Amino acid sequence: MNMTELSKTYAPKEFEDRIYKNWCDKGYFTPDPKDGKPAFSVVIPPPNVTGQLHMGHALDETLQDILVRYKRMQGFSTLWVPGTDHAGIATQIKVEEQLRVNEGLTRYDLGREKFLERVWSWKEQYGGRIISQLKKLGASCDWTRERFIMDEGCSKAVREVFVNLYDKGLIYRGNRIINWCPHCITALSDAEVEYTEQNGNFWHIKYPIKGEDGYVEIATTRPETMFGDTAVAVNPEDENTKHLIGKTLILPIVGRELPVIADDYVEIGFGTGCVKITPAHDPNDFLVGQRHGLEQIRVMNDDATMNSYAGKYEGMDRYECRKALIADLEAEGYLIKTVPHAHNVGTCYRCHNTVEPLTSNQWFVKMEPLAKPALEVVYDGRVKFEPERFTKTYTNWMENVHDWCISRQLWWGHRIPAFYCDACGEMTVSKTDIDKCPKCGAPVRQENDVLDTWFSSALWPFSTMGWPEKTEELAKYYPTSVLVTGYDIIFFWVARMVFSGMEHMGKEPFSTVFIHGLVRDAQGRKMSKSLGNGIDPLEIIDQYGADALRFALATGNSPGNDMRFSDEKIEAARNFANKLWNASRFVRMNLTIDKITLPEEKDLALEDKWILKKLNDLVTTATKALDSYEVGVALSAIYDFIWDIFCDWYIELCKIRLSDKENGNNLVAQNVISYVLTVALKLLHPFMPFITEEIYQSLPHDDESIMISAYPAYDAKFDFAADAERMERLIAAIRAIRARRNEMNIVPSRKAKVYIATKYSDSFNENTAVFFSRLASASEVEIAEGFDSSVISADDAVQIVTDAASIFLPLSDIIDVEKEKEKLAVELKKTEGEIARLEGKLSNAGFVAKAPAAVVEGEKEKLAKYKEKLEGIKQAIAKLQ
RNA sequence: GGAGGCAUAGCUCAGUUGGUUAGAGUACUUGCUUGACAUGCAAGGGGUCGCAGAUUCGAGUUCUGCUGUCUCCACCA
């Protein structure tokens, strides 16, 4: 294998695109369903085809790519299906907006067909944008299987599902109360309505009683709906209003007669006890109306202007009408009072205009039979949520789900495959287009409405794999392994995929739902267009590189929780990449080998065994964390290893052998350091694919690419526990010396002689003196057997006592004996404190009896160490007398 | 009204089944142009783990209550 050079500075722009292109060219992202390997599959939550990559996508794709790359390296047949969604309302609005701005036209000016042509050409022009942005991130999607939700295959699946559900009686058409967005001019599902608190009023209005002088007081927040009142209801148990039942009221202004009906929907004691019933404009009133056979009078047009039922207010906007009506009611003495009242108002999740509940002829999916298996599959754990708490979010919703309004009065989307015959009135639902009525042969016209965008998204896990055809993709990769998405679309999408998968495939669409939170700005605010606080991931990539972005998103991100994105975070990520780059460059420039062969155990130095043990532990930690979706935990363990263990210690320890090519151990060091670096790179690869590949290519390597190399596995032969422990002691001693020197402001250039008394003198091999001279600025090192300071002859020395060694630095010219005494006295006190604490613990009968033996043993060892240290300190103090 | 999250160093956050002297990044202080890296190295200060109880030999971690904060669902006109 060729070993490339590494450029002097870390410049991700120079290699990220090149590497990505190479991966694509080599076909690494495309699995073979016939490869005989176990499957791991993921479908991307399809971004809006006309959208732009934002931080939410970046997080979602990063997490998926981490899992996908990890599993691929572990030898799974790994498929990540990419694609885009048509996003009905959002896209249509965008194109309409463009049409309005550029040509001053509405979609009606163009007509359905011409308008759809425009949307398609917009899709052709901008649809690739989001895809190329995903590629910038490094997403290892199988682009040969890229899908668009309105392509032929997905559309076929949509029709198949629609007809199947219709034939089973699970899709029906009916005049029901739905949520209507007067701005988007379409029906919405319950899930598409967002409630926001708004300041409004309760208007108390007199409804005169027919044939009597009195009146009934009615309070309403939406007076303009009174034109649609068809009754007033009271609770039959309410003593205060019982007498009204059966009487007739006169609707103010309009003069129409309203019966007073009894219905226990009215809550006793709330408000006036009398409720106006407007079946065509309120979901509860709709139900009351059904129970009592009341007429539905719809008083608004599709754009929320008043219709002829509003009499002289006809043509006014709903709010204009409200204002005028209140003024008139007041003028005519019907208005009793106006009470300010904050209440929740439904708004459209796309345009945020107030939604109007009204009756309309729409298509619905009957949910109860579908919800049942979708609940069971979660109850019994076939579908698991990660983190677990989102299970409840899901089941609560599914247990209380209402029928799903799936028709939208839009043009952009999957047109409902229902055909009406005006001649005989027959309606035909068909998988293929028909032009003649199967009953009478007359021409038919297709339903104008299209399907809710989530209707087709719900089929994504199998429609993208070719269903309803029996494809080898479906056989191999369905159900998918994990779905990665934000908690904000559990209802919209996750829930609907589950019942769709159960209904049409007979199997859950995925076994795990891995939920992440939102990416917020540095102040913790939601990123939004209106606030203008969005951070563009592409700018971040441009400035810092995709790896840094991925690192910043993956680190410190715990499942299901929101996270903040800040300059600090991305800089820290870039610094880490830079650190790794430079460390690798150091390794690279010290290499003369062109193949890595791990030396035999007998040839390994103490520090080699130490790092191999640490690396082995890291493999275990990272694997365990990734298997339980603890992406952030895995990454921080890798980060700590690379920066603190590998760079700060191992590289420093290796410099001795590496800098001296004549040293017999030079090759051992070369092999171990490049081996350790390679394994670390592999562990890091799922998180930072580009930099790890670039470095991998510069080192001796067996695989063509790091991304198809095998993920490291725990190996018992690297459990050099005893040696690692000894090395740990050595490091502790060096650290202690550095700390003392630092404290005394002794610059590194001022070398000092080091005497060490230790009972672990066997830990100090031939390299030890060099370690100390390099890392502890020692001029000369003398090691004595034992922990007894009396074996050291040095006077006027700084004395450092660790739990493994007594160390002396003779620096007679700068030593202040009194200060040294104080210093030792503090140490003495601290150590005595620890001993007291441990002795207390160990003399506690309960602890000794009930704690696990290993814990008790550990505490005993600790106590012994502290006691030894205490002796050392006492001797040191004595020496200063 | 119902459900859930969060509360740990100045700031942003980790802390996996209860078990060393509670960690990281960043900020701060001090010293270092040590031949990979100043996007760096070394050292230091800084925490009664929101409050009150309970369980336990042992609680940041489990349970109960409370406070603050955020979110979701439902919605009474």
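So that the names make sense, note that chain A is the first sequence line, chain B the second, and so on, each numbered from 1. On a predicted model such as this, the values are computed, not experimentally measured, just so you know.
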Within the structure, does a side-chain N or O atom of A:Lys579 lie under 4.0 Å from either OP1 or OP2 of B:C41? yes

Between B:C41 and A:Trp649, is there an OP1 or OP2 to side-chain N/O distance shorter than 4.0 Å? no

Check whether the side chain of A:Glu652 and the base of B:A36 form a donor-acceptor pair under 3.5 Å. yes

Using atom [atom1] of [X] as one end and atom [atom2] of [N] as the other, report the distance to the nearest whole Å.
X: A:Gln543; N: B:U39; atom1: CD; atom2: C1'; result: 13 Å
X: A:Asn582; N: B:A36; atom1: CG; atom2: C1'; result: 5 Å
X: A:Glu197; N: B:C73; atom1: CD; atom2: P; result: 15 Å
X: A:Asn575; N: B:G25; atom1: CG; atom2: P; result: 12 Å
X: A:Asn742; N: B:G45; atom1: CG; atom2: C1'; result: 13 Å
X: A:Arg574; N: B:A38; atom1: CZ; atom2: P; result: 12 Å
X: A:Phe576; N: B:G25; atom1: CZ; atom2: P; result: 12 Å
X: A:Phe491; N: B:C73; atom1: CZ; atom2: P; result: 6 Å

Mind checking who [N] pairs with, Watson-Crick or G-U wobble, both distances under 3.5 Å?
N: B:G60; value: none
N: B:A27; value: none
N: B:G40; value: B:C32
N: B:G68; value: B:C6
N: B:U20; value: none
N: B:U48; value: none

Counting the atoms with a prime plus P, OP1 and OP2 as sugar-phosphate, which does [X] contact under 4.0 Å by heavy atoms, base, sugar-phosphate, or nothing?
X: A:Cys647; result: base
X: A:Glu743; result: nothing
X: A:Arg735; result: sugar-phosphate
X: A:Thr221; result: sugar-phosphate
X: A:Val848; result: nothing

When the [atom1] atoms of [M] and [N] are compared, how many Å lie between them, rounded to an integer?
N: B:G60; M: B:G18; atom1: P; result: 13 Å
N: B:G2; M: B:C75; atom1: C1'; result: 11 Å
N: B:G1; M: B:U16; atom1: P; result: 34 Å
N: B:A52; M: B:G15; atom1: C1'; result: 24 Å
N: B:U48; M: B:A9; atom1: P; result: 9 Å
N: B:U20; M: B:U61; atom1: C1'; result: 16 Å
N: B:U39; M: B:U56; atom1: C1'; result: 48 Å
N: B:C49; M: B:G10; atom1: P; result: 13 Å

The side chain of [X] is closest to which nucleotide in this list: [options]?
X: A:Trp643; options: B:G40, B:C73, B:G35; result: B:G40
X: A:Phe847; options: B:G35, B:G25, B:G19; result: B:G19
X: A:Lys862; options: B:U20, B:A77, B:A36; result: B:U20
X: A:Ala851; options: B:G19, B:G35, B:C41; result: B:G19
X: A:His341; options: B:G31, B:A77, B:U20; result: B:A77
X: A:Asp648; options: B:C32, B:G19, B:A42; result: B:A42
X: A:Ala739; options: B:C75, B:A77, B:A43; result: B:A43
X: A:Thr220; options: B:A77, B:G35, B:G19; result: B:A77
X: A:Lys655; options: B:U34, B:A36, B:U39; result: B:A36

Distance check, rounded to the nearest 0.5 Å: A:Leu249 atom CG versus A:Leu258 atom CG? 6.0 Å

Under 3.5 Å, side chain of [X] to main-chain N/O of [Y], donor-acceptor pair present?
X: A:Asn745; Y: A:Arg741; answer: no
X: A:Arg585; Y: A:Thr9; answer: no
X: A:Asn666; Y: A:Arg657; answer: yes

Quick check: closest heavy atoms across A:Glu356 and A:Arg222, and the distance to 0.1 Å? OE2-NH1, 2.8 Å

Charged N-O contact under 4.0 Å between A:Asp521 and A:Arg564: no

Would you check if there is a donor-acceptor pair between the side chains of A:Glu192 and A:Ser189 at a distance under 3.5 Å? yes

Show me the side-chain donor-acceptor pairs of residues 770-778 of chain A shorter than 3.5 Å, one per line, residues at least two apart or across chains.
{"unit_1": "A:Ser773", "atom_1": "OG", "unit_2": "A:Val770", "atom_2": "O", "d": "3.1"}
{"unit_1": "A:Ser777", "atom_1": "OG", "unit_2": "A:Pro748", "atom_2": "O", "d": "3.4"}

Take the angle between the ring planes of A:Tyr487 and A:Phe390 and call it parallel below 30°, perpendicular above 60°, tilted in between. parallel

Kindly assign one of parallel, tilted or perpendicular to the pair A:Phe646 and A:Phe641, based on the angle between their ring planes and the thresholds 30° and 60°. parallel

Nearest-nucleotide 5' precedence on RNA chain B, A:Tyr10 against A:Gly271: A:Tyr10

Comparing A:Asn745 with A:Val587, nearest RNA chain B nucleotide closer to 5' gives the residue A:Asn745

Take A:Glu571 and A:Arg574 through the salt bridge (charged side-chain N to carboxylate O under 4.0 Å, His left out) test and state the conclusion after the steps. CA-CA 5 Å; A:Glu571 277 167 21; A:Arg574 186 268 325 267; 5.0 Å; no

Please encode protein proximity along nucleotides 2-17 of chain B as a string of B, S and -, counting only heavy-atom distances under 4.0 Å. -SSS------SSS---

